[in-house]
Trainee: 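Please read through the structure below; I'll follow up with questions.
Chain naming here is simple, since letters A, B, ... match the order of the sequence lines and numbering starts at 1 in each. Please read all numbers here as calculations on a predicted model, not as lab measurements.
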Amino acid sequence: MPMEKTFNAAEAEARISKLWIDRKVGAAGANSVPGAEAFSIMIPPPNVTGSLHMGHAFNNTLQDVLIRWHRMQGHDTLWQVGTDHAGIATQMVVERELARDKSNATRREMGREAFLSKVWEWKEQSGGTIINQLKRLGASCDWDREAFTMSGNFPDAVTKVFVDMYNKGLIYRGKRLVNWDPHFETAISDLEVENIEVKGHMWHFKYILAGGETYEYIEKDAEGQVTLREKRNYISIATTRPETMLGDGAVAVHPSDGRYAPIVGKMVQLPLCDRLIPIITDEYPDPTFGSGAVKITGAHDFNDYQVAKRAGLPCYRLMDTQGRMRADGAPYEVAVARAREIAAGSPTNETEVDSLNLVPEKYRGRDRFEARKLVVADINAAGLAVTLLMKSYDEETGSEHLTLVPVVEDKPIMQPFGDRSKVVIEPMLTDQWFVDTAKIVGPALDAVRNGDTVIMPQSGERTYFHWLENIEPWCISRQLWWGHQIPVWYGLNLDVDNFTDDEGDNALDEVEILNILGDGGYVEREARSHCAADSAAVAEFFRDDLAPLPHPLNAARVVEVADRHAAVALLAQSLADYNLSQDPTHLTYPIWRDPDVLDTWFSSGLWPIGTLGWPDNTPELQKYFPTSTLITGADIIFFWVARMMMMQLAVVNEVPFKTVYLHGLVRDAKGKKMSKSLGNVIDPLDIINEFGADALRFANAAMASLGGTLKLDTQRIAGYRNFGTKLWNACRFAEMNGVWEGYSTAATPPKAAATANVWIIGETAKALAEVNESLAAYRFDTAADALYKFVWGKVCDWYVEFAKPLFDGEAAAETRATMAWVLDQSMILLHPIMPFITEELWSTTGTRAKLLVHTDWPTYGLDLVTPEADREMAFVTTLIDEVRSARAQVHVPVGLKIDLVAMTLSDEARAAWTRNENLIRRLARIETFEEGPAPKGSITLALDGAAFAIPLAGLIDIAEEKTRLQKTMDKLAKEIGGLTGRLNNPAFAASAPEEVVDEARANLEAREDESAKLRAALARLAEIG
RNA sequence: GGGCGGUUAGCUCAGCGGUAGAGCACUACGUUGACAUCGUAGUGGCCACUGGUUCGAUCCCAGUACCGCCCA
């Protein structure tokens, strides 16, 4: 059945994709030759909730190009595929699904276990979306190895790493100010926060000095001239977050700020609260900004937290996990009384400070933004707002008044938002787990410095260094349920200092039990904690803790309970039972597991080794690790690349990959970020449906210049779809001419005598060399460009045309063989970028032993290039171009065949003419040819080594031909001028390399030769015109 | 404010020491043994600006302006 006119992508891609998957063409090691070198790529695991967007399409195209290229070369390839459990994102999706049906229980109502089984249920049903979409793109991953960060050996690997790092002191727990997401009620890392400029306000409040004190406030200008001098009983502070003032610990001013020098160390009354706070000095306040005085709220601002730490101020937490003003704890009067004691020097600790709720009753339980409005209103009502005299206009009476209004500046402020939840992030003082990144960053920096891992483009390297050299501790705990639960268990601290066994009976009576438990101190004491792979292992540690306790408490059974609450209850129950029964087997010691889960990036940071079966030393780990290349977005360098480097080096002391290829974000044709709100999102699946996966892939490859921005234009994709059609039709042309009859794959080119055939074989070798070189340098764009130019510009534009007359002559057989080979090579070389259409062509042409995907990548070299053939074909194509151009410029009707006269012909040119006369006559549409002088009224073509005339007496417009010649001569004159100038400059000959000088000289000679011919032509025209 | 990058044809981008290229768009024409998802010919550029290095700068260096991105 003859080929269709165009490639039916929709039909063929589905069929071919299935074929590849059924045949497992992407299986690890498929098509590898014995002893082949390994080439492995870890896919950046997309979120299991994800669906394919342009970034994925781009990123995975590049990976697939490399993998296919290496696989065809017989290398032992692995493209490891899989998905990431994506803690927050997935939990969010499933919660939202549940919320769709109001009759469903919420996450909290159903509890942890039930919710997690819902998540798994969801994952089984919908988690495969993106994997299927990758298949549509033509990705040739090893689908049987699909991994998931919550399945298989992965959880064990993650736990093992946590335990190891904990034991090495690389992971610690601490109360720190972290970014808190009030929607998800979890801490998130710095990287998950987006700072966005929003319209905000700056309020100015007066904090009144305690004890009725006053001072002289003096403001000076830059010259030291006093501009304001007044007696004040307050200090003015500015804030964009009034509600946090309830937790202020001090007012800070810069030590050099003379305005406040008289009152440093004094106390001010905290408005709306019954507390006094000190005025302190710190380097942080900027004296030139606002009033120069800053309120310090240690528990709700990152800068303030640092100041508070330096000054030893207590940090009072004001909000609950949902960002509401706290409603827990003792009544305000009780709490504030205690706060005053602490301020007066009463000893305290972090836990107590955290438990104190200093939010006045009025604000308790209010949302933070509602509280803000209330605080502002109350400050205004109390006359504590800084005010300004303003002119106001009474519309009824038409009179003007002067009134005092509170100063509220409109001010753009940078506000932190959760990248998932989109709610305002609250700095919050909470207990979290951290990786002590400073301790593991060294090897990750060294590996890139010494080239063990190369980051491309190099600017990525600089970004990498910059970030790692200034790295902050990594908060890895998340208050979520979906994820790897932290392998740390807690138990109550039952230590007693001076226990005596009153009776010496090795048993506990009620009095002794009460002695141990004291006044309930174990309930308040910091719990003991241990880290281990599972509860059985951790129980050992707790038994060790119990050992020094009085018998039989030291033999209590360690049992796991849900939380601290349950533990306290169970311990009490167990002691009561024992007290009644005096049966030691009734004694239990409850422990509970840390409810937090790990940051998703902690586990994806282990993706390279985790997917290869670590901690087992699997054959895959030995073969494919360290992996060859990581291809990922530059936006993910901190989240993932740097962390994989740190983690792999910390865990297995090897770099995870040898090369990192970073690319930019895919944008729309105008360079705008694609976003749902802008409505400019291009869905790769729509593109695939419209233009086919190959067109999208080719566009992706062609856009992938190192370090460039990626603007995706559908017109360009359409162009590459056309490119596929072009190749398709060349093959169809070959089919019509019997090229494929009896043809089977040939690795080496046929013996050819006709110059056109010799030439195109050489061009093919050049294309191969360029593609190899480009791909080796990760220059997907130059590879794509070279292929485009070769297939369209050489094969289709010229070679197919040359072949037409050759099919009728004596070279017909070798031309068929050459064309088959050249088209074969085109399919092979294009296959990594355009796998579908090439695989389809492969199967519809010739006899094939293997699928194209497993066909050998060619190895021939540039020795196939024949310089004589190149020169000859250059003469032929130039002559044809010149004739066509001249014809068009003097408006010779395209249908009209013309005569051609050769005025001069070098030996080489004559030989080239003779051997290719048929081609030239046909393509330039020439009727007769003869040698001789130029007839009158002819147009002239000047070539290197030849001059031709086209007699067109009566047909041409003399003036127009003059213009044409003049234009060409002008162009030549410009070139000649430049070349002469250069050659006449003695410094040029002296300093420039010899070959450059020679080239310039030869160039000048050729240009002058052409110019002379044109001058002669002009002269001839002058005679008749 | 700090870091990284960009500024080349109408648009999107390559090139990065020897006086500029592609695709798209545009204009004219449609002879052809595959292809109108096409062919042929053409229009279009003080390579942001100012200095410097060099025999020679779009390319290297410094500065200026504007535009991005990331981090505060």
Side-chain angles (χ1 to χ4, degrees), chain A residues 3 5-7 190-191 193-195 286 302-303 414 416 457-467 470 634-635 637-638 664-665 667-673 691-692 695 699 702-703 705-737 739 779 781-782 784-785 788-789 792-793 796-797 800-801 803-805 807-808 880-881 884-889 891-897 922-925 974-975 977-979 981-993 995-997 999-1000 1003:
Chain A
M3 286 171 71
K5 265 187 123 172
T6 55
F7 172 59
D190 307 353
L191 293 173
V193 177
E194 292 171 346
N195 288 294
D286 176 359
F302 285 97
N303 289 312
M414 292 303 282
Q458 248 205 327
S459 61
E461 218 159 77
R462 284 192 281 274
T463 311
Y464 176 88
F465 288 139
H466 186 76
W467 191 67
N470 300 288
D635 54 328
I637 183 165
F638 309 133
L665 237 56
R667 292 153 188 288
D668 74 2
K670 295 196 184 76
K672 284 252 173 4
K673 210 164 164 172
F691 302 106
M703 285 197 302
S705 69
L706 227 37
T709 47
L710 309 165
K711 296 183 193 169
L712 192 71
D713 188 351
T714 48
Q715 279 191 315
R716 194 162 171 188
I717 297 169
Y720 293 130
R721 184 268 324 266
N722 298 354
F723 173 62
T725 308
K726 190 76 182 173
L727 174 70
W728 181 267
N729 277 293
C731 292
R732 184 161 158 262
F733 168 78
E735 183 196 53
M736 289 168 162
N737 286 279
V739 161
R779 290 305 304 260
D781 58 332
T782 36
D785 193 47
Y788 190 93
K789 287 188 166 125
W792 199 316
C796 294
D797 283 352
V800 167
E801 294 305 323
K804 287 172 185 174
F807 280 147
D808 297 332
I880 294 168
D881 278 342
R884 281 173 172 172
S885 178
R887 289 175 57 125
Q889 280 175 64
H891 310 298
V892 176
V894 264
L896 188 73
K897 290 198 170 184
R922 181 190 180 93
L923 293 176
R925 300 194 57 73
K974 206 179 150 199
E975 277 185 70
L979 288 164
R982 243 199 288 167
L983 286 165
N984 287 348
N985 182 346
F988 174 66
S991 327
E995 62 266 26
V996 172
V997 180
E999 196 191 318
N1003 234 328

Trainee: What nucleotide, of rA34(B), rG33(B), rG18(B), holds the atom closest to the side chain of Met736(A)?
Mentor: rA34(B)
Trainee: Let me know the distance between CZ of Arg732(A) and P of rG33(B), rounded to the nearest Å.
Mentor: 14 Å
Trainee: Could you check whether Asp881(A) gets within reach of a base, just the sugar-phosphate, or nothing at all, counting any heavy atom under 4.0 Å?
Mentor: sugar-phosphate
Trainee: To the nearest Å, give me how far apart CG (Asn729(A)) and P (rA34(B)) are.
Mentor: 10 Å
Trainee: Starting the side chain at C-beta, find the nucleotide from rC38(B), rU19(B), rU37(B) nearest to Arg982(A).
Mentor: rU19(B)
Trainee: Is Pro986(A) touching bases, backbone alone, or none of the nucleic acid, heavy atoms closer than 4.0 Å?
Mentor: nothing
Trainee: What's the closest nucleotide to the side chain of Val996(A) if the choices are rG15(B), rG33(B), rG18(B)?
Mentor: rG18(B)
Trainee: Report yes or no: does Arg887(A) contribute a side-chain atom to a donor-acceptor pair with the main-chain N or O of Arg925(A) at less than 3.5 Å?
Mentor: yes
Trainee: Which of the following nucleotides, rC70(B), rC38(B), rA14(B), is nearest to the side chain of Phe638(A)?
Mentor: rC70(B)
Trainee: Looking at the base of rU12(B), is there any donor atom on it, or on the side chain of Arg716(A), that sits under 3.5 Å from an acceptor on the other one?
Mentor: no
Trainee: Just how far, in rounded Å, is C1' of rC55(B) from CG of Asn984(A)?
Mentor: 13 Å
Trainee: Among the candidates rU37(B), rU31(B), rC55(B), find the nucleotide nearest to the side-chain atoms of Ala987(A).
Mentor: rC55(B)
Trainee: Atom CZ of Phe988(A) to atom P of rA57(B): distance rounded to whole Å?
Mentor: 12 Å
Trainee: Got a minute to check which stems RNA chain B is part of, using Watson-Crick or G-U wobble pairs under 3.5 Å, three or more consecutive?
Mentor: B:1-7 with B:65-71, B:10-13 with B:21-24, B:26-30 with B:38-42, B:48-52 with B:60-64
Trainee: Could you give the CG-to-P distance, from Asn737(A) to rG33(B), as a whole number of Å?
Mentor: 11 Å
Trainee: Report yes or no: is there a donor-acceptor pair, N or O only, under 3.5 Å between the side chain of Asn985(A) and the base of rG56(B)?
Mentor: no
Trainee: Heavy atoms only, 4.0 Å cut-off, all strands: where does Glu801(A) land among base, sugar-phosphate and nothing?
Mentor: base
Trainee: Between Glu999(A) and Cys796(A), which residue's closest nucleotide on RNA chain B lies nearer the 5′ terminus?
Mentor: Glu999(A)
Trainee: Per the atom types in the model, does the base of rG42(B) pair as donor or acceptor with the side chain of Arg884(A) at under 3.5 Å?
Mentor: no
Trainee: Please check this pair: side chain of Glu735(A) against backbone of Met3(A), looking for a donor-acceptor N/O pair closer than 3.5 Å.
Mentor: yes
Trainee: Side chain of Ser885(A): nearest nucleotide among rA41(B), rC4(B), rG33(B)?
Mentor: rA41(B)
Trainee: Is Arg887(A) touching bases, backbone alone, or none of the nucleic acid, heavy atoms closer than 4.0 Å?
Mentor: nothing
Trainee: Could you state the CH2-C1' distance from Trp792(A) to rU37(B), rounded to the nearest angstrom?
Mentor: 8 Å
Trainee: Applying a 4.0 Å non-hydrogen cut-off, can you work out what Cys731(A) is touching in the nucleic acid: base, sugar-phosphate, or nothing?
Mentor: nothing
Trainee: Mark yes or no for a side-chain to base donor-acceptor pair under 3.5 Å between Lys5(A) and rC35(B), with no hydrogen or angle criteria applied.
Mentor: no
Trainee: Base, sugar-phosphate, or nothing: which does Arg925(A) touch, judged by heavy atoms less than 4.0 Å apart?
Mentor: base
Trainee: According to the interplanar angle, ranging from 0 to 90°, do the rings of Tyr788(A) and Tyr720(A) count as parallel (below 30°), tilted (30 to 60°) or perpendicular (above 60°)?
Mentor: perpendicular
Trainee: Taking the side chain of Gln715(A) as heavy atoms from C-beta outward, which of rC24(B), rA41(B), rC55(B) is closest to it?
Mentor: rC24(B)
Trainee: Heavy atoms only, 4.0 Å cut-off, all strands: where does Ala992(A) land among base, sugar-phosphate and nothing?
Mentor: base
Trainee: Let me know, please, whether Thr782(A) or Tyr788(A) comes out on the 5' side of the other along RNA chain B by nearest nucleotide.
Mentor: Thr782(A)
Trainee: Indicate whether the side chain of Asn985(A) and that of Arg982(A) have a donor and an acceptor atom separated by less than 3.5 Å.
Mentor: no
Trainee: How long is the line joining CH2 of Trp728(A) and P of rA36(B), in whole Å?
Mentor: 15 Å
